[in-house]
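Comments concern the structure below.
Proteins come first, then strands; the chains are lettered A, B, ... in the order of their sequence lines, and each starts at number 1.
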Number of protein chains: 2
Amino acid sequence: MPRARSTSTPRARAGRPGPRAGRPGPRADVDTKARILEAARTSFSESGYAATTLRGVAATAGVDVALIPYYFGKKQDLFTAAMDIPVRPAELIDGAFADGVARAGARLVSAFLDLWEAPETGPALLTMFRTAMTDDAARRSFTEFIASEILASYARHLDTEDAELRASLAATQLLGMVMVRCVLRIQPVAGLPREQVVALVGPSVQRYLSGPLDE
Amino acid sequence: MPRARSTSTPRARAGRPGPRAGRPGPRADVDTKARILEAARTSFSESGYAATTLRGVAATAGVDVALIPYYFGKKQDLFTAAMDIPVRPAELIDGAFADGVARAGARLVSAFLDLWEAPETGPALLTMFRTAMTDDAARRSFTEFIASEILASYARHLDTEDAELRASLAATQLLGMVMVRCVLRIQPVAGLPREQVVALVGPSVQRYLSGPLDE
DNA sequence: CGCGTCGCTCAACAACCGTTGAATTCTCGG
DNA sequence: CCGAGAATTCAACGGTTGTTGAGCGACGCG
């Protein structure tokens, strides 16, 4: 493991920077930090964590590689910064239940589609989901987040005693719909108009929320 | 991880005069190729393609790194070899429809659970799914495979004209159940006995297959 | 004008990656 | 008994990665 390579570099001129450094071009008229973040979001969601290289992110952002550690620190910090998106699941669920449990199924499907199809939140959600599928530590925190935030919010609106069972069953249908339509884009579900998807899978969610479970 | 290597390999560590190599231990009592394949399957499914290193696979298989290119060629070839599992989706679906469309929902749920919970096929399926979510080329071939193999098999058993729509809707529920129960392992669905899951989500799949879609 | 500071570039570094080639030992058919 | 070939090892190569540190240019404040 120790390569014991002292300061004898194969190249000449060790330690001293090159003759050309500094900032030759004009000052950044656009916000460099935001450009890095956006490039990082798309790269993480399209290629995953391990396959994303800082050099690739820097290239699509049009900046130097060293600017990323300069602004964000380590690669893991860039990742958490890219995943920090504004989404309040509790408010979303409360909104879906606003006018009665009887309509909550369709409302939930609609809200889920909003979240996953918006360019602001969709890529980050996909990345979090993918990481939760892969990394075990991420999976634990992800499922704990779902249990304490999402399922608990459901349970507040369903005052039956099997509320958590019903909530997690509804999650299977909601997640599966999002996978098939937004991620894998399997036809014909992927090509249907939004309202039709809501009308088709809404009743299934509704059955889990308020219908008879044993039949 | 059974490391049942009974015969000890005498590692005579003498000096270090130039290149010394060869095979010091006894010949492979266990099938080396199979051990590499198994280690590769679990590593690919737990860490993904980019994050799996040949050195890591070799370490958990207990062999030298160079044996992997020796047996499997490039890393991509090892990947395709690890993904080559015996699964005949058409037969599976035909079996689920064997005694009538009316019972196909529960049968399909049961067959899906078998497939994803078996240690033989589960990891590879998970890997294929994850890769399809990440890589766009893999996604296209995956969805095309689903359309031409899976959905077409469904459609053969449902002779209505919206057969493909019904099949892809059923896929949302089946995939979502597998995600929540087998991959993310969200409670309480993950902790339920098998038959209860079949009883709970079977009717939802059944509705997509033969129930009224507009209600 | 002097000077610090901020934004940025360049070059290098150590570590690790996949892959190759040569060396060595074993097994086995002739 | 011997040589052919398979199985396994070590060492190295060229490339890429994340990260660091030093230098450069412009700007703002004194």
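Atom CG in B:D64 sits roughly 14 Å away from atom P in D:dA12 (whole-Å rounding). Per the geometry, CG belonging to B:D31 stands 12 Å off C1' belonging to D:dA7, to the nearest Å. We find that CZ of A:R35 is positioned 16 Å from P of C:dG7, with the value rounded to whole Å. Separating the NZ atom of A:K75 from the P atom of D:dT19 is a distance of 8 Å, rounded to the nearest angstrom. Between A:L67 atom CG and D:dT19 atom P the separation is 15 Å, expressed in whole Å. Atom CG in A:D77 sits about 11 Å away from atom P in D:dT20, given to the nearest Å. Rounding to whole angstrom units, CZ of residue B:R55 and P of C:dC16 are separated by 10 Å. The CZ atom of B:F72 sits 16 Å away from the C1' atom of C:dT19 (whole-angstrom rounding).
Residue B:Y71 is classed as a sugar-phosphate contact, given heavy-atom separations below 4.0 Å to backbone atoms only.
The nearest heavy atom of DNA chain C to A:G62 and to B:Q76 marks one nucleotide each, and the one closer to the 5' end goes with A:G62. Sequence order on DNA chain D of the closest nucleotides to A:P69 and A:T53 puts A:T53 first from the 5' end.
Closest contact between the side chain of B:K74 and the listed nucleotides C:dC10, D:dG18, C:dT19 involves C:dT19.
Side chains of B:R130 and B:S45: a donor-acceptor N/O pair is absent below 3.5 angstrom, by distance only.
In terms of phosphate contacts, A:Y70 brings no side-chain nitrogen or oxygen within less than 4.0 Å of OP1 or OP2 of C:dC8.
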### Message
Let's go through B:E91 and B:D94 carefully: what are the C-alpha distance in whole Å and the side-chain angles of both, what is the deciding distance for side-chain contact (heavy atoms from CB on, under 4.5 Å) to 0.1 Å, and is it a yes or a no?
### Response
CA-CA 5 Å; B:E91 297 176 6; B:D94 289 354; 5.6 Å; no
### Query
Hey, mind stepping through A:D136 and A:R139 against salt bridge (Lys or Arg N to Asp or Glu O under 4.0 Å) and telling me if it holds?
CA-CA 5 Å; A:D136 197 65; A:R139 203 209 82 222; 2.8 Å; yes
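To the nearest 0.5 Å, atoms CG (A:L174) and OH (A:Y208) are separated by 10.5 Å.
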